[in-house]
Amino acid sequence: MCGICCVLLRGENEDYTFSCSRLKNRGPDASSQTVVTIDSQTKLTLTGHVLHMRGPLTPQPKTDKHGNCLLWNGEIFGGLQIAEEKNDTAVLFEILSEKADPQHVIDTFSKIHGPWAFVYWQEEKKRLWFGRDFFGRRSLCWHLPEKKNDPFILTSVRQNTEDLQEVPSIGIYSVDLTHTEFLNMTLYTWTDAVWPGTMEPITTENLRSGLMGNSDCNVKIDLHPDCHLNKNIPPLNKTLPDLDPSKVITKDQESVIHNLLGETQFKSCVDDLIRLLLQSVTDRVFNQVMLSHGDYKYRVNPSTSYNSSDLENADEIHKLKSESVECSVSSELSNVSLNQEDGVVRGPAKVAVLFSGGVDSAVIAALVDKCLPAHEPVDLINVAFERIVPQKQRNPSVEEAWNVPDRQTGIVAVQELNPDRKWNFVMVNVSIAELQKQRAEHIRHLVYPLETVLDDSIGCAVWFAARGEGILGNGEHVGIPYKSSAKVILCGMGADEQFAGYSRHRGKFEELGWQGLIDEVEMEVQRISARNLGRDDRVVTDHGKEARFPFLDENVVSYLQSIPIQTKADLRYPRGLGEKILLRACAVKLGLIKSALFPKRAIQFGSRIAKTENNKEKASQKCPRLADPT
């Protein structure tokens, strides 16, 4: 994991300086910079700030004797073999350096399973390569030069005042720097690439306008006609079900799930999905550097693959995983410890879950319990924004100010989880004053270049959650201030897009039937990269932590793309049942009966941040609170 920045300077800009304060927040463990001289008038500055997650600490940019340089902000969960004791930056750099032809670069990135953004300088060819993964799970923004002496900037997060845009996740880009009069760029797209949101194929004719809009940039951009990346995800199964889309009225929603679990084909899909999600969660839990807390140490082989054909095998997986752990644990380390200096509880949990209590986060937590050794605590982070209690309500309790929907569902859901696990239910309570202060001073710079009301709401909610500072809501230290120390935060992003969890999915179904729903789900998956994950990466990693998304694992997505739409979502059933019906069935089988049937509630509404300042705004409007006050 790394905060990365690359600046190409030409002509009279040699004294250009670039602030790195927000990059350092992203990567507090190592910092380095390399300057590459292209010619007498042109130089390339590459800066990396590393968050140490696996293998030996590897400062970035990674360089070799041939002059190649790599900035890597990603995690390799599959596709390339990464030995337990190795660092994925070093392994990837070694592979990239084997050959200098473009096809080798394209083939290498096509194999990777996991989130990534990178910048790679290829000295032999004088080429600068960069890009983001298909889902855009890591932030990379660019500033394109408008004239010859303007800098070309690639960065994880905004530092100076230059205008930035997110690099579109439609392929990998290369810049030929054998000539520097203008930026000569080539795009290598994903196979069958389309513009996110419009589903329009990317062509030579619409390439420049699609990337740069109406701006007059000093950039020449070409589309490579033959060399494409393979995104390792099949097309969506568009088979139309032979089912009347008319509404199905049911009073007993739980019985619907149990009846479906009695059907062989549906039950098989539930078992397959649990198996794939369990492997996804396991990869994201255990791909961490060797950690120690006092007498406690462990190492886990992240490449170990466990295969289960049914949920009943999950306990065996848990046993196998626990046996693969080398550890000695003193009894007090399974509990949190009280820091006497500031009265803040700091627990040893290495994994946190962004936990609303909804079906997405509850399933993730239940699967963490299946793969993590029994003595390991887990932080469940639940965010609430201050409610304005009506004046007619006399003497409201302090708790009433934070009694938002996500707090209510979170309290219920944690009671359904394994009672033998140490769950730290972290209640993050954000006052309006604190929200306004942190947004103005800090968060708006991270949300940028996104700027809508929705970006503001979700960006602020996720930032406060990732900070992990709140009050313990359970256990022996209940009511005491707590700060999560987990560097990995598991998030449920990607579930709604694939399981038709948004209200617009139901709207399309009611208007256009099954075909309308299929088309909407296909578009949602295609445009994930353009909507929010770059923003979420900027917001979470500002705390020196890393967001990981189990529902966007390539194997999970591939499976969900392959099965019929009615298996994933049957919107003939009412809200709280029909959307995500397959995932709800998984939750029931995992013992999460109540959580399985909670209606979908977006974080901005569940946390009530959308109600704190202006109830009349639309989500798509430009948010004045994100604007530069100067």
Side-chain angles (χ1 to χ4, degrees), residues 332-339 342-366 368-369 372 375-387 389 396-432 434-435 460-486 488-492 540 543 545 587 591-595 598 601 603-609 612:
E332 69 271 14
L333 289 177
S334 62
N335 297 314
V336 292
S337 58
L338 184 62
N339 186 317
D342 55 14
V344 176
V345 174
R346 302 178 190 274
K350 301 165 193 67
V351 178
V353 180
L354 188 57
F355 192 77
S356 67
V359 64
D360 309 346
S361 60
V363 165
I364 289 175
V368 169
D369 180 60
L372 199 64
H375 55 265
E376 284 279 358
V378 178
D379 291 342
L380 304 176
I381 303 178
N382 183 278
V383 183
F385 288 83
E386 184 178 11
R387 295 177 65 234
V389 180
S397 65
V398 175
E399 291 79 9
E400 185 64 21
W402 317 110
N403 190 27
V404 303
D406 277 2
R407 181 60 46 79
Q408 297 168 19
T409 54
I411 290 171
V412 172
V414 74
Q415 295 171 4
E416 292 195 298
L417 296 172
N418 177 10
D420 296 327
R421 169 80 57 189
K422 175 64 177 177
W423 303 101
N424 299 316
F425 186 67
V426 187
M427 300 188 301
V428 177
N429 298 330
V430 186
S431 68
I432 294 177
E434 175 73 355
L435 167 64
C460 290
V462 174
W463 188 87
F464 281 105
R467 188 172 69 168
E469 295 180 5
I471 305 295
L472 273 180
N474 65 335
E476 59 182 308
H477 295 305
V478 64
I480 295 179
Y482 182 92
K483 182 173 177 60
S484 174
S485 58
V488 167
I489 302 178
L490 300 180
C491 307
V540 171
H543 302 287
K545 301 179 181 183
L592 308 169
I593 309 301
K594 295 179 180 178
S595 301
F598 286 143
R601 188 179 287 113
I603 188 172
Q604 66 269 27
F605 301 116
S607 67
R608 279 296 188 260
I609 186 174
T612 56

[Y] side chain reached by [X] side chain, heavy atoms, under 4.5 Å:
X: N424; Y: L472; answer: yes
X: K350; Y: V488; answer: no
X: V412; Y: F598; answer: yes
X: F464; Y: E434; answer: yes
X: I471; Y: P481; answer: yes
X: L380; Y: V414; answer: yes

Search all heavy atoms of [X] against all heavy atoms of [Y] and return the closest pair with its distance.
X: A587; Y: V363; result: CB-CG2, 3.8 Å
X: S361; Y: L354; result: CB-O, 3.3 Å
X: V404; Y: F385; result: CG1-O, 3.7 Å
X: A352; Y: I381; result: CB-CD1, 3.9 Å
X: A465; Y: V383; result: CB-CG2, 3.4 Å

So that I can tick it off, tell me whether K594 and E416 are bridged by a salt bridge, with the cut-off set at under 4.0 angstrom between side-chain N and carboxylate O.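 No.
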
Do any N or O atoms from the side chain of [X] and from the backbone of [Y] form a donor-acceptor pair under 3.5 angstrom?
X: N382; Y: F425; result: no
X: T409; Y: S356; result: yes
X: Q408; Y: N403; result: yes
X: R421; Y: L372; result: yes

Between NZ of K483 and CZ of R467, what distance do you get to the nearest 0.5 Å? 7.0 Å

Can you tell me how far CZ of F355 sits from CE of M427, rounded to the nearest 0.5 angstrom? 13.5 Å

Please test D369 against L417 for side chain to side chain contact (heavy atoms under 4.5 Å, CB included), starting from the C-alpha separation and ending with a verdict. CA-CA 8 Å; D369 180 60; L417 296 172; over 6 Å; no

Steps toward side chain to side chain contact (heavy atoms under 4.5 Å, CB included) verdict (S485, R346): CA-CA 7 Å; S485 58; R346 302 178 190 274; 5.8 Å; no

Go through it in stages, so that I can follow the logic: the residues are I489 and V353, the test is side chain to side chain contact (heavy atoms under 4.5 Å, CB included), and I'd like the CA-CA distance, side-chain angles, deciding distance and then a yes or no. CA-CA 5 Å; I489 302 178; V353 180; over 6 Å; no

Mind checking ring-ring contact (aromatic ring centres under 6.0 Å, His included) for W463 and listing every partner two or more places apart, or none if nothing turns up? H442, H543

Step by step, work out the side chain to side chain contact (heavy atoms under 4.5 Å, CB included) result for W423 and D379. CA-CA 6 Å; W423 303 101; D379 291 342; over 6 Å; no

Quick one: side chain to side chain donor-acceptor pair (under 3.5 Å) partners of N474, sequence neighbours excluded?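 Partners of N474 by the side chain to side chain donor-acceptor pair (under 3.5 Å) criterion come out as none, since no residue qualifies.
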
Do you see a donor-acceptor pair shorter than 3.5 Å between the side chains of S431 and E386?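 The answer is no; no qualifying pair exists.
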
